[in-house]
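So the structure is just underneath, and the comments pick up after that.
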Amino acid sequence: MKKLTGKIALVTGASRGIGRGIALRLAQEGALVAVHYGKSQKEAEDVVHQIEQSGGTAFAIGAELTTLNGIHDLYTRLDEALRTRTGDHRFDILVNNAGIGQILTIEETTEASFDEVMNINVKAPLFVIQQALPRLIDGGRVINLSSFVTRVASPTVFTYSLSKGAVDTLTLALARHLGSRNITVNAIQPGIINTEMNSRTLQDPHGRKYAAGLSTFNRWGEPEDVADVAAFLASSDSRWITGQLIDVSGGSHL
Ligand SMILES: NC(=O)c1ccc[n+]([C@@H]2O[C@H](COP(=O)([O-])OP(=O)(O)OC[C@H]3O[C@@H](n4cnc5c(N)ncnc54)[C@H](OP(=O)(O)O)[C@@H]3O)[C@@H](O)[C@H]2O)c1
């Protein structure tokens, strides 16, 4: 029996990278997956196609997440898509994955760069969760993508690390808040993962050496390394785990 049969998941930013990996993995476990995208519609439709080719179920749903209007659009479209497929608009698993990286020190930070990263990395998950609350089924799951940069001093990605620190705090507070509904809230803290976010680093020989050398296993991570952990957190196997920040960095900075 697959571990997520009968469950419904929304994965934000699932058109590429880690979100794509999580969408594929949750679908492999039997979940019906809403594959959210921002701009990459074609890529999101390819993810849906790949899931369907493997016998799974999914649909793509586009919305810009940095404004409340955009998040309203997300749920209008999700409600409609779910009612068509299941007769109900509720769902079980929310994965807050959409986000951007930003390599800037405090000296290089501007108001615009601050707003850019905070809007998608903090404001978006906060209001995506807020509007998910009446739709999430009791016993459900919230999984937030944080980063290993909150565990060590990370001055070269200054505001980015602040944004993920906020995700950690949000995870802890909501785990307490939603316990009475048996909803678990956990964060995954990946290390360096092979996605477009790190394409410049991983194309450069020095960058590749640095990225691999951070992990005690002397390699960088792949989206599947993170997706397997997300699948565990989405399943009933993780029922006694909440409010946790789970390092998925291959032992970086040990
Ligand atoms: N890669 C890493 O090494 C790493 C490490 C630690 C944590 N993380 C975290 O893991 C998450 C995924 O990272 P990734 O490397 O997979 O990123 P990625 O490959 O760059 O993909 C980012 C995803 O987020 C979506 N997105 C970005 N801005 C958006 C917006 N304004 N509105 C709606 N969707 C938006 C993109 O959608 P469209 O392309 O459709 O617009 C895309 O699907 C992020 O939260 C990131 O901070 C990544």
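Each ligand, and each atom within it, is numbered from 1 in the order the structure gives.
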For [atom], grab the closest protein heavy atom and report residue, atom and distance to one decimal in Å.
atom                    : answer
atom 8 (N) of ligand 1  : Tyr160 OH, 3.6 Å
atom 19 (O) of ligand 1 : Arg16 NH1, 3.4 Å
atom 41 (O) of ligand 1 : Lys39 N, 2.7 Å
atom 25 (C) of ligand 1 : Gly13 CA, 3.7 Å
atom 31 (N) of ligand 1 : Glu64 OE2, 2.9 Å
atom 17 (O) of ligand 1 : Met197 CE, 3.5 Å
atom 27 (C) of ligand 1 : Gly99 O, 3.8 Å
atom 6 (C) of ligand 1  : Pro190 O, 3.4 Å

Do any N/O atoms on [X] end up under 3.5 angstrom from N/O atoms on ligand 1?
X      : value
Gly38  : yes
Ser15  : yes
Thr66  : no
Asn97  : yes
Asn198 : yes
Ile18  : yes
Ile193 : yes
Gly191 : yes

### Query
Would Asp168 and Lys164 pass as an ion pair if we require N to O under 4.0 Å?
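Between Lys164 and Asp168 there is no salt bridge, as every charged N stays at least 4.0 Å from the carboxylate O atoms.
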### Query
Are Asp46 and Arg20 ion-paired here, with the side-chain N under 4.0 Å from a carboxylate O?
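Not counted as a salt bridge, because no side-chain N and carboxylate O are separated by less than 4.0 Å.
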Do we see a donor-acceptor contact under 3.5 Å between the side chains of [X] and [Y]?
X      : Y      : result
Ser54  : Gln28  : no
Asn186 : Gln244 : no
Asn182 : Asp138 : no

Check [X] against [Y] and note the closest heavy-atom contact, atom names and distance.
X      : Y      : value
Val149 : Ser154 : O-OG, 3.0 Å
Tyr160 : Gln102 : CB-O, 3.8 Å
Val11  : Ala23  : CG2-CA, 4.3 Å
Gly99  : Ile120 : CA-CG1, 3.9 Å

Numbered atoms of ligand 1 (with element) below 4.0 Å of [X], judged on heavy atoms:
X      : result
Tyr37  : 40 (O)
Ile192 : 3 (O)
Leu65  : 32 (N), 33 (C)

Which part of [X] is near ligand 1, with near meaning a heavy atom under 4.0 Å away: side chain, backbone, both or neither?
X      : result
Ala124 : neither
Asn119 : neither
Phe148 : neither
His36  : side chain
Ile120 : side chain
Lys164 : side chain
Thr195 : side chain
Pro223 : neither

### Query
Can you hop from Leu174 to Leu233 via hydrophobic side chains spaced under 4.5 Å?
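No; Leu233 is not reachable from Leu174 via cluster members.
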[atom1]-[atom2] distance between [X] and [Y], expressed to the nearest 0.5 angstrom:
X      : Y      : atom1 : atom2 : value
Leu26  : Ser235 : CG    : OG    : 10.0 Å
Ile106 : Phe158 : CD1   : CZ    : 4.0 Å
Leu10  : Leu32  : CG    : CG    : 10.5 Å

### Query
What residues form a ring pair (Phe, Tyr, Trp, His ring centres under 6.0 Å) with Tyr37, not counting sequence neighbours?
none
### Task
Name all residues meeting the side-chain contact (heavy atoms from CB on, under 4.5 Å) criterion together with Arg90; count only those two or more places apart in sequence or in a different chain, and write none if there are none.
Asp88, Ile137
### Query
For ligand 1, is Ala63 a contact, meaning one of its heavy atoms is under 4.0 Å away?
yes
### Message
With a 4.0 Å cut-off on heavy atoms, is Gly21 in contact with ligand 1?
### Response
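No.
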### Task
Test Val142 against every option in Val128, Leu136, Thr184 by the side chain to side chain contact (heavy atoms under 4.5 Å, CB included) rule and name the one that passes.
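When side chain to side chain contact (heavy atoms under 4.5 Å, CB included) is applied between Val142 and each of Val128, Leu136, Thr184, only Leu136 qualifies.
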### Task
Report the member of Ala98, Gly221, Ser40, Ser249 with the shortest heavy-atom distance to atom 24 (O) of ligand 1.
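Ranked by closest heavy atom to atom 24 (O) of ligand 1, first place is Ala98.
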### Task
Give a yes or no answer on whether the side chain of Thr109 reaches the backbone of Thr105 with a donor-acceptor pair at less than 3.5 Å.
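A pair under 3.5 Å: yes.
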